Amino acid sequence: MALHVYDTRTREKRLFETARTGEVDMYVCGITPYSPSHLGHARCYIAFDLIHRWLEASGWTVNYVQNFTDIDDKIINKANEEGIDFLEVANRNIDDYYEVMDSLNVLRADHYPRVTEVIPEIISMTESLIEKENAYVAEDGVWFSVESAPEKYGVLTGQSIDAVRAGAGGRVEDSGKRDHKDFALWKNAKPGEPSWPSPWGDGRPGWHIECSAMSLKHFGEQFDIHGGGHDLRFPHHEAEIFQSECCTGKEPVVRYWMHNGFVNVDGEKMSKSLGNFWTVKDALKIYDPLVLRQALLNAHYRSPIDLSEQLLEDAKGHHAKIVHAYGHALVITEQAKKAGLRDAPRLPTADVTSTDFLANKLGLLEKLLQEAAVAMDDDFNSRQALSKVSNGARLIPKILESEDIDERDTAAFALYAIDWLEEFAGSVLGLLPEKDIAMAVYDPNLDPARQAIKDDVEQLLARRAIARAAKDWESADEIRDALSDMGVTVKDTPDGVVWTLD
RNA sequence: GCACAGAUAGCAAAGCCCGGUUACGCGAUGGACUGCAAAUCCAUUUCACAGGGGUUCGAAUCCCCUUCUGUGCUCCA
């Protein structure tokens with residue numbers, strides 16, 4: 001099955017075909033950096049990161065552009081509040097963006113253009129729209145006339161122009177626009193505002209025009225994917241369609257409009273006003289970034305996701321399983337190297353129908369990977385793909401511990417398992433940590449934090465062992481509680497006492 | 001009001017486009033292991049698809065109607 005992608009404009013999933021063979025031009029609306037990144041941003045950019053990764057894994061070369069709206073009312077307000085330059089506010093929050101997205105293992109886009117860097121392109125596009133009579137100059141700036149291209153109204157949201165025409169248009173009065181549906185291409189500066197010179201006076205761009213100008217600059221008149229949050233469909237993306245298509249005369253400007261679902265908390269949209277708002281950094285105080293990533297990949301990108309504690313706890317457990325399998329295979333590989341076992345795997349041919357233990361298991365793993373690929377090809381169904389990876393992650397340790405295969409086969413299989421995990425859980429889903437971290441998860445003795453308290457813990461455990469031998473359960477449990485206070489969990493397994501550090 | 005989504009077993013969430021097959025997971029229950037826990041493993045929980053009509057040999061899946069929920073229509077990922 002070849003990749004199929006859902007397009008918001010045509011409201012159908014269709015075979016993914018790009019304008020240029022082997023290349024994907026992908027533009028995703030970036031943030032307005034007036035405050036630190038929140039979980040909604042994390043969800044959006046993880047979703048498009050997954051899309052980015054899968055396209056590349058499928059053999060396309062992706063040209064990924066994501067903008068920063070570094071001049072805007074909210075940034076200006078923030079700068080005024082703090083008495084600093086607007087660029088300081090923008091830069092600070094852009095730094096925060098990079099920092100948290102890096103920690104969430106979001107690969108960088110190829111370009112991050114900023115509005116303040118494309119002012120000339122915006123001006124020339126605006127001039128062109130005025131010339132074509134799709135836009136007009138007013139006292140307070142330049143406006144796009146929606147009625148100049150009524151057939152483009154509502155193409156993403158299904159709203160009819162008549163319905164909106166009937167709505168109240170009260171705000172027309174306090175601005176230079178002729179019709180309440182019109183939107184600003186250029187806003188003349190009010191006193192004290194940052195501004196750039198233009199043929200219509202000093203001012204700054206309207207919100208929507210930047211994306212049209214940037215995509216035109218980087219990709220030309222038509223491109224493959226335009227992504228962003230569900231909320232951006234209207235008016236932002238519809239405005240872009242007006243601007244770009246009226247300016248170039250080419251339709252459609254975008255082959256596939258892709259919109260990610262929102263993050264909800266307890267069934268409601270996460271928002272500052274509802275008080276259920278999380279910045280990424282807040283969440284990272286509680287959860288490992290890769291766990292958060294896994295939680296957010298646990299829903300299809302177009303569905304809303306309810307970020308509950310249960311979801312996060314589930315993700316934590318599943319993620320641990322994957323990392324554990326990875327660490328296990330890595331440790332066995334290390335041991336095999338030390339034992340002088342040659343890295344010359346002679347694994348049997350994968351075959352689910354085989355009665356040979358290893359051939360059969362390899363067949364199962366191959367099948368899981370194929371199923372994961374099918375899921376991804378079906379409009380990036382990460383939830384489905386994740387369940388395949390989870391199944392594999394559960395299977396791998398069983399094979400590594402199996403007594404049906406000898407040491408040499410185990411070592412050979414460990415190398416295979418590492419590849420298996422890195423190919424999909426790592427490269428595509430972006431869920432694998434660094435190797436040494438994974439090994440420390442499997443073999444806690446490799447964890448430096450554990451080393452630091454090792455002696456103290458062992459001492460207490462020795463005392464507990466004595467108490468247990470004397471059936472002095474009270475003292476034994478006291479010691480266990482004391483260890484628990486140190487963050488140490490004691491497990492009495494059939495193979496002896498094992499302890500883990502939170 | 002208009003528009004767009006959605007409603008699936010105790011919870012959570014795929015499947016719906018391309019009607020006929022098991023989701024995956026959590027939880028629960030039983031068992032193994034335990035002094036007790038925790039953790040782990042095994043087994044069971046395998047005919048649920050908002051309601052009502054219709055099409056069909058057969059519908060969660062297609063069509064119509066109804067109800068409810070969320071979101072957008074102003075800045076928003």
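Note that the structure is a prediction, hence the values are computed from the model and not measured. Quick note on labels: first sequence line is chain A, next is B, and so on, each numbered from 1.
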Side chain of A/R464 - closest among B/rG35, B/rA77, B/rC26: B/rG35
Nearest-angstrom distance from the residue atom CD of A/Q294 to P of B/rC24: 17 Å
Nucleotide nearest A/R383 (side chain, heavy atoms from C-beta), chosen from B/rC73, B/rA23, B/rC11: B/rA23
Rounded interatomic separation in angstrom, taking OH from A/Y153 and C1' from B/rG72: 11 Å
A/D377 vs A/H4 side-chain heavy atoms within contact, under 4.5 Å: no
Shortest side-chain distance from A/K13, nucleotide among B/rA23, B/rC4, B/rC17: B/rC17
Nearest-angstrom distance, C1' atom, B/rC33 to B/rA23: 31 Å
Per-pair stack call A/F234 and B/rG72, 5.5 Å, 30°: no
Below 4.0 Å: OP1/OP2 of B/rG15 and any side-chain N or O of A/N381: yes
A/D314 side-chain proximity, nearest of B/rG25, B/rC24, B/rA5: B/rG25
Touch class at under 4.0 angstrom, heavy-atom based, for A/Y45 against every strand present: sugar-phosphate
Short side-chain N/O contact to B/rC42 OP1/OP2 from A/K398, under 4.0 Å: yes
P spacing across the pair B/rG51 / B/rU74, given as an integer number of angstrom: 36 Å
Rounded distance in Å between the P positions of B/rC62 and B/rC26: 30 Å
Sugar-phosphate only, base, or nothing, as touched by A/G30 at under 4.0 Å among non-hydrogen atoms: sugar-phosphate
Length of the line joining A/L386:CG and B/rA12:C1', which is rounded to integer Å: 14 Å
Sugar-phosphate only, base, or nothing, as touched by A/R480 at under 4.0 Å among non-hydrogen atoms: base
Minimum-distance nucleotide (side-chain atoms of A/H230 versus B/rU71, B/rC75, B/rG72): B/rU71
Residue mapping more 5' on RNA chain B - nearest nucleotide basis, A/G40 or A/A476: A/A476
Side chain A/R204, main chain A/N188, donor-acceptor under 3.5 Å: no
pair A/L429-A/Q294: side-chain heavy atoms closer than 4.5 Å: no
Euclidean distance, atom CD of residue A/E401 to atom C1' of B/rU40 [Å, nearest integer]: 10 Å
With A/N63 via side-chain hydrogen bond (donor to acceptor under 3.5 Å, both in side chains) - residues at least two apart: A/E23, A/D25
Side-chain touch A/T410/A/L400, heavy atoms, less than 4.5 angstrom: yes
Touch class at under 4.0 angstrom, heavy-atom based, for A/Q310 against every strand present: base
A/T69 and A/D72 side chains, donor-acceptor separation under 3.5 Å: no
A/S387, nearest nucleotide to its side chain (from B/rG72, B/rA38, B/rC24): B/rC24
P gap between B/rU56 and B/rA43, integer Å: 44 Å
d(CD, A/E12; C1', B/rC62) in whole Å: 17 Å
Closest to the A/N391 side chain, choosing from B/rG25, B/rA37, B/rA3: B/rG25
Sugar-phosphate only, base, or nothing, as touched by A/H318 at under 4.0 Å among non-hydrogen atoms: sugar-phosphate
Separation of atom CD1 in A/I479 from atom P in B/rG35, rounded to whole Å: 17 Å
Backbone N/O of A/V352 and side chain of A/N360: donor-acceptor pair under 3.5 Å: yes
Spacing between A/E474 atom CD and B/rA37 atom P, to the nearest angstrom: 17 Å
Distance in angstrom units between A/K388 NZ and B/rC24 P, rounded: 8 Å
No-H, no-angle donor-acceptor pair, A/R394 side chain to B/rC41 base, under 3.5 Å: no
Residue whose closest nucleotide on RNA chain B lies nearer the 5' end, A/K491 versus A/S390: A/S390
A/F242, A/Y27, A/W257 screened by ring-ring contact (aromatic ring centres under 6.0 Å, His included) with A/H237, the one that passes: A/W257
N/O donor-acceptor pair under 3.5 Å between A/R450 side chain and A/W499 backbone: yes
Donor-acceptor pair (no angle test) under 3.5 Å: A/D72 side chain, B/rC75 base: no
Sugar-phosphate, base or nothing in reach of A/H259, heavy atoms under 4.0 Å: nothing
Residue A/R468, side-chain atoms from C-beta onward, closest of B/rA77, B/rC36, B/rC17: B/rC36
Pairing stems for RNA chain B [at least three consecutive pairs; Watson-Crick or G-U; under 3.5 angstrom]: B:1-7 with B:67-73, B:27-32 with B:40-45, B:50-54 with B:62-66
Sugar-phosphate, base or nothing in reach of A/K471, heavy atoms under 4.0 Å: nothing
Sugar-phosphate only, base, or nothing, as touched by A/V490 at under 4.0 Å among non-hydrogen atoms: base
Parallel, tilted or perpendicular: ring planes of A/H259 versus A/H230, cut at 30 and 60 degrees: perpendicular
Integer angstrom distance from the P of B/rA13 to that of B/rA9: 11 Å
Between B/rA3 and B/rU66 - P atom distance, rounded Å: 13 Å
Separation of the P atoms in B/rG15 and B/rC73, to the nearest angstrom: 27 Å
Face-on cation placement of A/K13 at A/Y6 ring, 6.0 Å and 45° thresholds: no
Sugar-phosphate, base or nothing in reach of A/K74, heavy atoms under 4.0 Å: sugar-phosphate
Interatomic distance at C1', B/rU22 relative to B/rC64, whole Å: 32 Å
